[in-house]
Amino acid sequence: MSTLTERNKPVETAGTAEPVEAAAGYRAGRTLPLRVELVRQLKRRRTLVMGAILAVLPFVLVIAFAIGGEPDGRGNRVNLMDTATASGANFAAVNLFVSASFLLVIPVALFCGDTVASEAGWSSLRYLLAAPVPRMRLLWSKLIVGLGLSLAAMVLLPVVAIAVGTVAYGWGPLQIPTGGALDPGTAAQRLVVVVAYLFVSQLVTAGLAFWLSTRTDAPLGAVGGAVGLTIVGNVLDAVTALGDWRHFLPAHWQFAWADAVQPTPEWSGMIQGTAVSVTYALVLFALAFRGFVRKDVVS
């Protein structure tokens, strides 16, 4: 009886959403396991290249400081960059500061945009769906792995930066530009908060990339489109004539994490930034799932 039930269980074909009979022993939940998808993505050249770029950045900055000398304040104004060589924690914070607005956008757009579109570009998407892998299962696997790799990229940068900075400048308190310092333990905790907020703030880029990935067969179009729209958001945030309308732009809150590296952290900016980013991301993810479920896949 159970065999007959499984056999008659409807599944969809690659090109349409019309149900067909499933083979005996078919289990939709066992198709395209996360482990398999993760291994596939980790072995891809773009993953290795992106990881190498993020890992090399701290070394580049150390060399730059060694050649140019230690940074110092301009007059009475001291910013985070001027404290870069104070300790390994400061060096890690500076790496995040110089990467947040652009460099960290690229791996998120790459890992979330080069997902479904790459399968379509290779003409393997229809074969995955004909396996059959349910469309919702396919998208969830792609999205979870893409977000996981994006988070790993954001963790990799500060971890390497702390290691390199500690060797170069020693491990000590995180010196705050406005005065005061955070002890090493507190500094490490605050950096974890910073990375978590950066990941949440990049969910908008992830949503854009993933949605575009379900709409095109060109991975470069999905990745480039997400990066381009993110840049447009940054440009619009610089237009002060927009006034309070800028508060609805995710880019407006991208550096709210700086409030976490203060003697007394201020959470209001990060809370507002999180609310804006999560709202946009949920809408974009929903559009991606809704559109792909109804899409006629022919590639």
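Note that this is a predicted model, so its numbers are computed, not measured.
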Next item on the list: Give, for atom CD of Gln254 and atom CD of Gln202, the distance between the pair rounded to the nearest 0.5 Å.
Entry: 7.5 Å
Check: Is there a donor-acceptor pair under 3.5 Å between the side chain of Ser213 and the backbone N or O of Ala209?
Finding: no
Note to self: Quick check on the hydrophobic clustering: are Leu110 and Val39 connected, directly or via other members, by side-chain heavy-atom contacts under 4.5 Å?
What the structure shows: no
Next item on the list: To the nearest 0.5 angstrom, please state how far the CG atom of Leu182 sits from the CG atom of Leu191.
Entry: 9.0 Å
Margin query: I want to check something: taking the side chain as every heavy atom from C-beta on, are Ser87 and Asn90 in contact at a cut-off of under 4.5 Å?
Written below: yes
Next item on the list: For the pair Trp253 and His247, name the ring-plane relationship: parallel under 30°, tilted 30 to 60°, perpendicular over 60°.
Entry: tilted
Margin query: Is a donor from one side chain sitting under 3.5 angstrom from an acceptor on the other, for Ser201 and Ser277?
Written below: no
Side-chain donor-acceptor pairs under 3.5 Å in residues 281-290, sequence neighbours left out?
none

Margin query: Within the structure provided, determine whether Val160 and Phe59 are in side-chain contact (heavy-atom separation under 4.5 Å).
Written below: yes
Margin query: Rounded at 0.5 Å granularity, tell me how far CZ in Arg44 sits from OG in Ser118.
Written below: 4.5 Å
Notebook entry, point to check: Could you give the distance from CG (Leu143) to OG1 (Thr214), rounded to the nearest 0.5 Å?
Noted result: 11.0 Å
Check: Under the side-chain contact (heavy atoms from CB on, under 4.5 Å) criterion, do Arg46 and Phe111 qualify, and how do the steps go?
Finding: CA-CA 9 Å; Arg46 50 89 159 156; Phe111 295 141; 2.9 Å; yes
Notebook entry, point to check: Taking atom CD of Glu37 and atom CZ of Arg35, what is their separation to the nearest 0.5 Å?
Noted result: 12.0 Å
Check: Are the side chains of Phe292 and Trp211 in touch, meaning some heavy atoms are under 4.5 Å apart?
Finding: no
Check: Hey, what do you get for CD1 (Ile231) to OG (Ser101), rounding to the nearest 0.5 Å?
Finding: 9.5 Å
Check: What is the minimum heavy-atom distance between Phe210 and Leu139, and which atoms define it?
Finding: CZ-O, 3.6 Å
Margin query: Applying side-chain contact (heavy atoms from CB on, under 4.5 Å) to Val98 and Met81, what does each step give before you reach the verdict?
Written below: CA-CA 9 Å; Val98 300; Met81 181 65 73; 3.3 Å; yes
Next item on the list: Spell out, as yes or no, whether a donor-acceptor pair under 3.5 Å connects the side chain of Tyr280 to the backbone of Phe248.
Entry: yes
Notebook entry, point to check: Is a donor on one side and an acceptor on the other found under 3.5 Å between the side chain of Thr115 and the backbone of Cys112?
Noted result: yes
Item checked: Qualifying salt bridge (Lys or Arg N to Asp or Glu O under 4.0 Å) pairs with a residue from residues 242-267, counting only residues at least two apart or across chains -> none
Next item on the list: Group every Ile, Leu, Val, Met, Phe, Trp and Tyr by side-chain heavy-atom contacts under 4.5 Å, then state whether Val167 and Leu54 land in the same group.
Entry: no
Margin query: My understanding is that a hydrophobic cluster links ILVMFWY residues whose side chain heavy atoms are under 4.5 Å apart, including indirect links. Using that, what else belongs to the cluster containing Val60?
Written below: Val56
